[in-house]
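All residue numbers refer to positions in the sequence shown, counting from 1. Keep in mind the model is a prediction, meaning the values are calculated, not measured.
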Amino acid sequence: MSISTSVLSELLAKLPYLRPQLYFKASLTALSHAMEDQVLAATLDAPLVIASFQRERFYRQEAHRYERLAQISNQIYVLSAPETDFANSSDFYEKVAFEADDALCHEWHLVVIAQNYATCLVCIEYPKSQSSSRKTELNPGLDMDTARRFEGIWTSERGVSLTAADLLLKRVLVYRPELATKVQEVRDRLGIGITRGIGDVNWNGGEYACDIDTDPFVQRLVTYLQASQYKLHKAYRSIAGQARKEQLINSISNAIRRSLNPQDVLKIATQQLGEHLGACRCLIYRAQGNDSEIVIEHEFLGSGVPSVLGEKWQLHNNPLFQEVVCQSQGICIADTMNDSRVTTSPTIWKIIEKLGIRSWLIEPLLFQGRLLGIIELHYCGNSPHIWQTGEIDIVNAIATQVGVALIQAESFANLEDLNQQLEALDRTRSNLIAITGHELRTPLSTIQVCLESLASEPDMPLELRQVMLSTALEDSERMRKLVQDFLTLSNLESGRIEWHPEVLILQECVDLALSRVRARFAQEELPQITSRIDETFPLVRADGDWLVEVIAKIVDNACKFTPSNGKITITAQNRDSQTIEVIIADTGRGIEPNRLEVVFDRFYQEEGALRRTAGGTGIGLAICRQIVKGWGGEIWAESRGKNKGSKFHFTIPVVESPSPSIPAKKTRSRIG
């Protein structure tokens with residue numbers, strides 16, 4: 001039984017005070033992930049989660065996230081229109097397959113309701129006819145999937161969320177009537193479907209708060225995504241409008257606009273422009289005003305003309321290039337034999353003799369006053385080239401188009417970088433919320449309990465008071481180290497660290513690092529740790545405190561994931577005449593091959609931020625990578641897989657010819 005009524009229209013009919021907003025697909029994706037992360041981070045009860053996808057292909061991209069959600073709650077419902085193997089089932093969660101002509105095919109819904117928080121996202125996509133009519137306004141390079149537009153409601157108002165959940169649960173029962181008992185259970189538990197008035201004090205659920213509040217982040221992220229999408233649309237419309245105004249509809253400009261690769265743009269423009277204007281030689285090369293030389297990478301040649309491809313050209317002593325830079329406009333030399341700029345310059349005259357240039361056009365590639373490159377047209381032969389009407393205008397127009405194309409290519413490359421940074425930021429934000437929520441909340445709770453007990457029970461025995469104080473001090477130290485790690489990584493990544501290289505004995509650094517690790521794990525049984533550093537090893541040059549920090553953090557990491565009956569071995573070997581390679585091997589859990597690189601990422605946790613059994617923030621190895629890079633070394637991990645142990649390698653420069661009068665320094669500890 002299909003339903004033609006939109007869930008959004010039903011919601012607006014029940015709650016007419018709601019005002020739909022405009023969203024792009026990127027915004028909705030970010031919002032959905034934030035709502036799902038809220039469930040993952042706040043596991044006080046088994047929340048209700050209802051997600052409706054337009055098509056199975058959209059669901060498949062998010063299936064792994066709902067498997068994680070299903071580990072938290074048994075009230076997960078996923079609706080989608082089948083395309084391949086999506087069907088009604090109750091594996092990890094309840095799958096609901098609706099028919100292809102159901103109104104849900106045009107909608108995007110996500111509703112999350114728990115006892116202490118609620119959020120909902122109910123949207124409908126703009127009609128396809130409107131989307132297709134707008135395509136002609138956009139540059140062909142624009143990702144139309146990203147530009148899909150939706151209209152709907154996103155809110156954390158509990159009353160709206162309850163109403164949306166009621167509407168969607170009714171849709172669930174249309175296709176899965178056998179779930180009636182399960183649906184009724186969650187209705188009764190969360191109060192879904194109970195008729196309330198707008199003035200009811202419980203309409204919004206009263207005062208409630210989520211233990212991890214992601215609303216400020218989500219609001220900012222949505223604002224940024226919508227603003228960037230609007231700017232992108234505006235930029236592409238401006239480029240297309242400028243092209244229409246100029247009406248440069250010919251083979252050259254069309255070929256240029258087909259590619260966002262700068263090298264492709266220059267190659268196509270060089271070939272097409274040279275052929276179109278019948279030049280003996282056409283060159284287009286990238287150059288800036290302060291460049292001293294360039295390499296010719298793109299060239300069009302007529303018959304019988306020598307090539308200059310791959311040659312280096314000096315620009316600092318070329319008066320014609322300097323004139324173009326100073327005046328920000330092109331130079332047209334009709335006859336090199338009768339032009340004083342040529343005949344009075346030995347440098348230019350050598351070029352004329354070598355290349356046989358009789359007529360010479362030099363046109364700069366400019367964008368907003370910035371020099372991007374140069375177009376050169378050479379006409380060779382016994383007589384000068386007779387410029388036809390409009391030829392120089394064509395060169396000017398092509399120079400403008402190439403300049404815009406180069407900037408467009410750079411902008412596209414920058415946009416890709418920004419998208420990658422945004423994805424990394426989203427992952428970092430999710431991990432940071434989960435990790436700090438666990439690592440900070442636990443010691444804070446302990447400290448609060450201890451202090452409250454000391455404050456409220458003045459007659460507490462002295463021994464118990466000492467236990468309370470010791471516990472609070474230990475957990476405050478744990479928090480201090482956590483904050484210190486965050487600050488250390490921030491300073492390393494921003495380059496605010498001052499390095500103090502010194503001549504060091506590697507074994508002494510290892511001993512100091514091991515003493516630090518054993519002090520930290522004083523109350524625990526550690527694996528067997530052995531150090532096998534040859535006494536004949538050369539001295540190394542590095543900042544001693546940071547070297548100790550690297551060894552200590554890698555050994556600390558190995559202790560976390562190696563059982564007490566396991567082994568940790570520290571060895572070193574000569575990599576070459578200038579470098580020593582340190583290897584720290586353990587017999588612990590090991591690392592999957594596809595994660596050997598990501599273990600050095602910030603906030604990476606091998607078990608996941610919310611399910612790990614070992615403590616820590618996941619930034620220790622990231623700190624190690626930044627430190628090793630600071631002295632110009634390399635760091636990497638090896639493992640044969642899960643439960644097969646792992647090896648961490650890093651390199652240190654050696655002292656090539658240490659003076660016998662300068663002894664190796666003892667390492668001090670200045671790192672908190």
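- With rounding to the nearest 0.5 Å, the separation of OG1 in Thr5 from CG in Leu167 is 10.5 Å.
- Between the NZ atom in Lys553 and the CG atom in Leu621 there is a gap of 9.0 Å [rounded to 0.5 Å].
- Nearest heavy atoms, Ser161 versus Thr155: OG-O, 4.2 Å.
- Using modelled atom types, no side-chain atom of Ser80 and backbone atom of Pro82 make a donor-acceptor pair closer than 3.5 Å.
- Closest of all the heavy-atom pairs between Ala637 and Ile591 is CB-CD1, 4.4 Å.
- At least one side-chain heavy atom of Tyr17 sits less than 4.5 Å from a side-chain heavy atom of Val160.
- At least one side-chain heavy atom of Leu69 sits under 4.5 Å from a side-chain heavy atom of Glu36.
- Between the Asn88 side chain and the Ala97 main chain, a donor and an acceptor come within less than 3.5 Å of each other.
- With contacts defined as side-chain heavy-atom distances shorter than 4.5 Å, the pair Tyr117/Val39 qualifies.
- Distance check, rounded to the nearest 0.5 Å: OG1 of Thr29 to CD of Glu62 gives 7.0 Å.
- Residues Tyr175 and Asp102 have side chains that bring a donor and an acceptor to within less than 3.5 angstrom of each other.
- In the displayed structure, Glu178 atom CD is contacted under 6.0 Å by more than 12 heavy atoms of other residues, nucleotides or ligands.
- Rounding to the nearest 0.5 angstrom, the gap separating the OG1 atom in Thr471 from the CD1 atom in Ile447 is 10.0 Å.
- Side chains of Met468 and Val449 form no contact here, defined as non-hydrogen atoms less than 4.5 Å apart.
- Residues Tyr66 and Val49 meet the side-chain proximity criterion, which asks for heavy atoms closer than 4.5 Å.
- Contact annotation: the side chain of Val112 never approaches that of Cys120 to less than 4.5 Å [non-hydrogen atoms, C-beta and beyond].
- Electrostatic pairing of Lys14 and Glu10 does not count as a salt bridge here, judged by no charged N lying under 4.0 Å from a carboxylate O.
- Judged purely by distance below 3.5 Å, without hydrogens or angles, the side chains of Tyr77 and Gln75 pair a donor atom with an acceptor atom.
- Considering all non-hydrogen atoms of both residues, Ala164 and Leu11 come closest at N-CD1, 4.0 Å.
- One N or O on the side chain of Thr587 and one on the backbone of Lys567 form a donor-acceptor pair closer than 3.5 Å.
- Remark: Glu638 pairs with Trp636, Lys647, His649 by the side chain to side chain contact (heavy atoms under 4.5 Å, CB included) rule, at least two apart or across chains.
- Taking Arg465 as the reference, Leu454, Met460 meet the side chain to side chain contact (heavy atoms under 4.5 Å, CB included) condition, with sequence neighbours excluded.
- Proximity of a side-chain donor or acceptor of Arg65 to a complementary backbone N or O of His33 within less than 3.5 Å is detected.
- Residues passing the side chain to side chain contact (heavy atoms under 4.5 Å, CB included) test with Ser6, sequence neighbours excluded: Leu8, Ser9, Glu107, Ile124.
- At a threshold of 4.5 Å between non-hydrogen side-chain atoms, the residues Leu12 and Pro16 do not count as touching.
- When the ring pair (Phe, Tyr, Trp, His ring centres under 6.0 Å) test is applied to Phe98, no partner is found at least two apart in sequence or on another chain.
- When all heavy atoms of Pro47 and Ile72 are compared, the closest pair comes out as CD-CG2, 4.4 Å.
- Side-chain N/O atoms of Glu125 and Gln54 include a donor and acceptor closer than 3.5 Å.
- A heavy-atom distance below 4.5 Å is not found between the side chains of Leu121 and Ile153.
- Asp475 CG to Ser445 OG: the interatomic distance, rounded to the nearest 0.5 Å, is 9.5 Å.
- Listed by first then second residue, pairs satisfying salt bridge (charged side-chain N to carboxylate O under 4.0 Å, His left out) with a partner in residues 109-118 number zero, not counting sequence neighbours.
- Judged by distance alone, with hydrogens and angles left aside, the side-chain atoms of Glu56 form a donor-acceptor pair with the main-chain N or O of Thr84 at under 3.5 Å.
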| Checking side-chain contact (heavy atoms from CB on, under 4.5 Å) for the pair Met35/Trp154: CA distance, chi angles, key distance, verdict? | CA-CA 11 Å; Met35 292 167 65; Trp154 170 66; 3.9 Å; yes
| message | The test is side-chain contact (heavy atoms from CB on, under 4.5 Å); show your working for Ile50 and Leu110 and say whether it passes. | response | CA-CA 6 Å; Ile50 310 174; Leu110 179 60; over 6 Å; no
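- Lys644 pairs by the side chain to side chain contact (heavy atoms under 4.5 Å, CB included) definition with Arg640, not counting sequence neighbours.
- Aromatic ring centres of Phe53 and Trp108: separated by at least 6.0 Å.
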| message | side-chain contact (heavy atoms from CB on, under 4.5 Å) for Val78 and Tyr59? Distances and angles first, verdict last. | response | CA-CA 8 Å; Val78 177; Tyr59 152 79; 3.6 Å; yes
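- Pairing each heavy atom of Tyr93 with each of Ala63, the nearest pair is OH-O, 3.9 Å.
- Taking every heavy atom of both residues into account, Cys105 and Ala100 meet most closely at SG-O, 3.0 Å.
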| message | Applying side-chain contact (heavy atoms from CB on, under 4.5 Å) to Lys95 and Phe86, what does each step give before you reach the verdict? | response | CA-CA 8 Å; Lys95 292 183 181 178; Phe86 188 91; 3.9 Å; yes
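- Side-chain atoms of Gln71 and Glu67 form no donor-acceptor pair, as typed in the model, at a separation below 3.5 Å.
- Checked by atom type and distance alone, the side chain of Ser639 never pairs as donor or acceptor with a backbone atom of Ser646 at under 3.5 Å.
- Here Leu179 contributes atom CG and Lys182 contributes atom NZ; the two are 7.0 Å apart, rounded to the nearest 0.5 Å.
- Side-chain contact check for Ser90 and Arg176: at least one donor-acceptor pair (N or O, by modelled atom type) lies under 3.5 Å.
- A donor-acceptor distance shorter than 3.5 angstrom exists from the side chain of Arg625 to the backbone of Phe600, with no hydrogens or angles considered.
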